[in-house]
Amino acid sequence: MTAALQLHMLSGTNDGPDSILARKAKHMCFGFDAKGALRQSLEQKGFDRRNFLRGAVAAGVGAGLAGVGGTAAMAAPVGKAAGQRVPPGLISIQLYTLRSIMSGAGVDSTFQKLADYGYTKVELAGLYGRTAESMRSTLDSLGITPSSSHDGISATPAALQTKIANAAVLGQTYMNVPYLASTKGDDWRLWADQMNVEAAAASDAGLKYGYHNHAHEFTTVLEDGLTPWEIFTTRLDPTLVHLEVDLYWAVTGGVGVGAADPIQFAIDTIQQAPQKVLQYHVKDRDTAGGFADLGTGKIDFGRIFEAHKPKEYIVENDQPDVTPLQTAEVGYNYLRALRY
């Protein structure tokens, strides 16, 4: 059975135009609310914001969440005089970071700035009104490869084929599902099954297919007592689906479950998953638990990088500290300067 036929069967063709997967696909897009999903999962456990912060500090993992100093587990790295480095060819940036300036003439000027900073890779978050061919031409002229993208689960077989065809034109290596959220275990199982089908089709086209986490996959306890992460890591085919681990959200998930050492929680998440972790989203966390430009927060990235080296290190900040371009420049320079 072909991947397209499997997807056709999964998509619920006897369920009317608003098929099962079309309905589920509506739950994920770039307008997601990851912090809201985390908050909802914690509230279901009986934690409000104040108790969450108080408990984190009591466990020694607050990293200044209640105005106190960071712990050793969360402390920003001081760096080593000599040590391993992140190769420049493995550094990328998620263009969601730059979304506020990615329109009109700002698209070309932003790409030019990224090239000036040293980026040779980007992870797409849409095509900004352009065709795949046009986007490829622009990026080729600057020596930038769109090696990866964030794309939602496809609602139809035709949408999947379009997604794969565009990725092939762009010269991508990876495509990743950026966000899913539900409090029902069966939704996560259905999504895992479809992702396996999509990943098989992507593999046939020479592409690697992955999933990008947030914190609620670790903190949400479903009706059967499992977490979404447990369902995904047991149900996603490790020969077809890889993981793109967002380090900010993995650490935040560790705080959310009361881990004594949130950095080690992130490392364990990476090392214990049956799926390969091929990509990182490298995003820092400030003393209040919010987003931060790389090197200005409290996550010890060197410790994580030493434990596992992915194929791509993707700079991201959902809410840039000053300007998106400054975030991009600071992020690239931080990764190039880091020794671990």
Engineer: Check the side chains of Asp284 and Thr296 for a donor-acceptor pair under 3.5 angstrom, ignoring hydrogens and angles.
Structural biologist: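 No, Asp284 and Thr296 have no side-chain donor paired with an acceptor closer than 3.5 Å.
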Engineer: For Ser154, is there any backbone N or O sitting under 3.5 Å from a side-chain donor or acceptor partner on Gln194?
Structural biologist: yes
Engineer: Which atoms form the tightest heavy-atom contact between Asp321 and Thr327, and what is the distance?
Structural biologist: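 Looking at all heavy atoms of both residues, the shortest contact is N-OG1, 3.7 Å.
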Engineer: Under a 3.5 Å threshold, yes or no: a donor from one side chain and an acceptor from the other, between Gln279 and His242?
Structural biologist: yes
Engineer: Counting C-beta onward and ignoring hydrogens, is there a side-chain heavy-atom pair between Leu180 and Met195 closer than 4.5 Å?
Structural biologist: yes
Engineer: Can you tell me if Lys163 uses its side chain to pair, donor with acceptor, with the backbone of Ile153 under 3.5 Å?
Structural biologist: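 No, because the side chain of Lys163 does not come within donor-acceptor range (under 3.5 Å) of the backbone of Ile153.
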Engineer: When you group the ILVMFWY residues by side-chain heavy-atom contacts below 4.5 Å and let the links chain together, are Leu90 and Leu114 in the same group?
Structural biologist: yes
Engineer: Indicate, with yes or no, if Tyr280 and Leu338 share a hydrophobic cluster defined by side-chain heavy-atom contacts under 4.5 Å among Ile, Leu, Val, Met, Phe, Trp and Tyr.
Structural biologist: yes
Engineer: Checking side-chain hydrogen bond (donor to acceptor under 3.5 Å, both in side chains) against Glu217, which of Trp229, Trp249, Tyr211 comes through?
Structural biologist: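 The side-chain hydrogen bond (donor to acceptor under 3.5 Å, both in side chains) with Glu217 is passed solely by Tyr211 among Trp229, Trp249, Tyr211.
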Engineer: Which pair of heavy atoms, one from Ala115 and one from Leu142, lies closest together, and at what distance?
Structural biologist: CB-O, 3.9 Å
Engineer: Rounded to the nearest 0.5 Å, how far apart are CD of Glu316 and CG of Asp293?
Structural biologist: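 These two atoms lie 12.0 Å from each other.
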Engineer: Do Leu278 and Phe301 sit in one hydrophobic cluster, given that two such residues count as connected whenever their side-chain heavy atoms are within less than 4.5 Å of each other, even indirectly?
Structural biologist: no
Engineer: When you compare the side chain of Ile164 with that of Met175, does any pair of heavy atoms fall below 4.5 Å?
Structural biologist: yes
Engineer: Do the side chain of Gln275 and the main chain of Leu236 share a donor and acceptor less than 3.5 angstrom apart?
Structural biologist: yes
Engineer: Applying the 4.5 Å side-chain criterion to the ILVMFWY set and letting contacts propagate, would Leu127 and Ile101 be lumped into a single cluster?
Structural biologist: yes
Engineer: Decide yes or no for Phe218 and Asn213: does some side-chain heavy atom of the first lie under 4.5 Å from some side-chain heavy atom of the second?
Structural biologist: yes
Engineer: Under the 3.5 angstrom rule, does the side chain of Gln271 hit a backbone N or O of Ala307 as a donor-acceptor pair?
Structural biologist: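 Yes, the answer is positive, given that a donor and an acceptor are paired below the 3.5 Å cut-off.
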Engineer: Could you grab the distance from atom OH of Tyr117 to atom CD1 of Ile91, nearest 0.5 Å is fine?
Structural biologist: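 Here the rounded value is 14.5 Å.
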Engineer: Please tell me if the side chains of Phe111 and Met102 come closer than 4.5 Å, counting only heavy atoms from C-beta onward.
Structural biologist: yes
Engineer: Do side-chain atoms of Arg336 reach the backbone of Val86 as a donor and acceptor pair under 3.5 angstrom?
Structural biologist: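 Confirmed, Arg336 side chain pairs with Val86 backbone.
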Engineer: Any donor and acceptor pair, going by atom type alone, linking the side chain of Arg130 with main-chain N or O of Met135 inside 3.5 Å?
Structural biologist: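 Looks like no, no N/O pair under 3.5 Å.
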Engineer: Side-chain contact, heavy-atom cut-off 4.5 Å: Tyr248 with Asp318?
Structural biologist: no
Engineer: Relative to the ring of His216, is the ring of His214 parallel (under 30°), tilted (30 to 60°) or perpendicular (over 60°)?
Structural biologist: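 It falls in the parallel class, under 30°.
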Engineer: Would you say the side chain of Thr138 lies within less than 4.5 Å of the side chain of Val107, judging by non-hydrogen atoms?
Structural biologist: no
Engineer: Please confirm whether the ring centroid of Phe305 lies under 6.0 Å from the ring centroid of Tyr340.
Structural biologist: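 Yes, the ring of Phe305 comes within the 6.0 Å limit of the ring of Tyr340, centre to centre.
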Engineer: At their closest point, which heavy atom of Pro238 faces which heavy atom of Pro274, and how far apart are they?
Structural biologist: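 Reported closest heavy-atom pair: CB-O, 3.6 Å.
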Engineer: Check whether any side-chain heavy atom of His150 lies under 4.5 Å from a side-chain heavy atom of Glu244, and answer yes or no.
Structural biologist: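 Yes - at least one pair of side-chain heavy atoms lies under 4.5 Å apart.
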Engineer: On a heavy-atom basis, which atom in Pro88 and which in Tyr332 lie closest, and how many Å separate them?
Structural biologist: CB-OH, 3.7 Å
Engineer: Starting from Val330, can I reach Leu335 by hopping between I/L/V/M/F/W/Y residues whose side chains sit under 4.5 Å apart?
Structural biologist: no
Engineer: For Ser147 and Lys121, does a side-chain donor sit closer than 3.5 Å to a side-chain acceptor?
Structural biologist: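 No, no side-chain donor-acceptor contact under 3.5 Å.
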Engineer: Which distance, rounded to the nearest 0.5 Å, do you find between the CG of Leu247 and the CG of Asp300?
Structural biologist: 11.0 Å
Engineer: If only side-chain N and O atoms count, and only distance matters, is there a donor-acceptor pair under 3.5 Å linking His281 with His212?
Structural biologist: yes
Engineer: Can you tell whether the side chains of Lys113 and Asp116 come within less than 4.0 Å, N to carboxylate O?
Structural biologist: no
Engineer: Measure from the side-chain N and O atoms of Arg136 to the backbone N and O of Pro146, and report whether any donor-acceptor pair falls under 3.5 Å.
Structural biologist: no
Engineer: Using a 3.5 Å distance criterion without hydrogens, assess whether the side chain of His308 forms a donor-acceptor pair with backbone atoms of Ile270.
Structural biologist: no
Engineer: Return the CD to CD distance between Gln161 and Glu198, rounded to the nearest 0.5 Å.
Structural biologist: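 One finds 9.5 Å between CD of Gln161 and CD of Glu198.
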Engineer: With side chain to side chain contact (heavy atoms under 4.5 Å, CB included) as the criterion, how do Ile299 and Ile263 come out once you've worked through the C-alpha distance, each side chain's angles and the decisive distance to 0.1 Å?
Structural biologist: CA-CA 7 Å; Ile299 294 181; Ile263 298 294; 3.9 Å; yes
Engineer: In Å, rounded to the nearest 0.5 Å, how long is the span from CG of Leu226 to OG1 of Thr220?
Structural biologist: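 Leu226 CG to Thr220 OG1: 12.5 Å, rounded to 0.5 Å.
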Engineer: Mark yes or no for whether Gln94, through its side chain, and Tyr96, through its backbone, hold a donor-acceptor pair below 3.5 Å.
Structural biologist: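 A pair under 3.5 Å: yes.
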Engineer: Is the side chain of Thr162 donor-acceptor paired with the backbone N or O of Ala158 at a distance under 3.5 Å, no angle test?
Structural biologist: yes
Engineer: Using every non-hydrogen atom in the two residues, find where Ala266 and Val251 come nearest and quote the distance to one decimal.
Structural biologist: CB-CG2, 4.0 Å
Engineer: With a 3.5 Å cut-off and no angle check, do the side chains of Gln84 and Lys309 form a donor-acceptor pair?
Structural biologist: yes
Engineer: Please verify the inter-ring angle class for Trp188 with Phe232; under 30° counts as parallel, over 60° as perpendicular, anything in between as tilted.
Structural biologist: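 It falls in the perpendicular class, over 60°.
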Engineer: With side-chain hydrogen bond (donor to acceptor under 3.5 Å, both in side chains) as the rule and sequence neighbours excluded, what pairs involving residues 164-175 come up?
Structural biologist: Ser149-Gln172
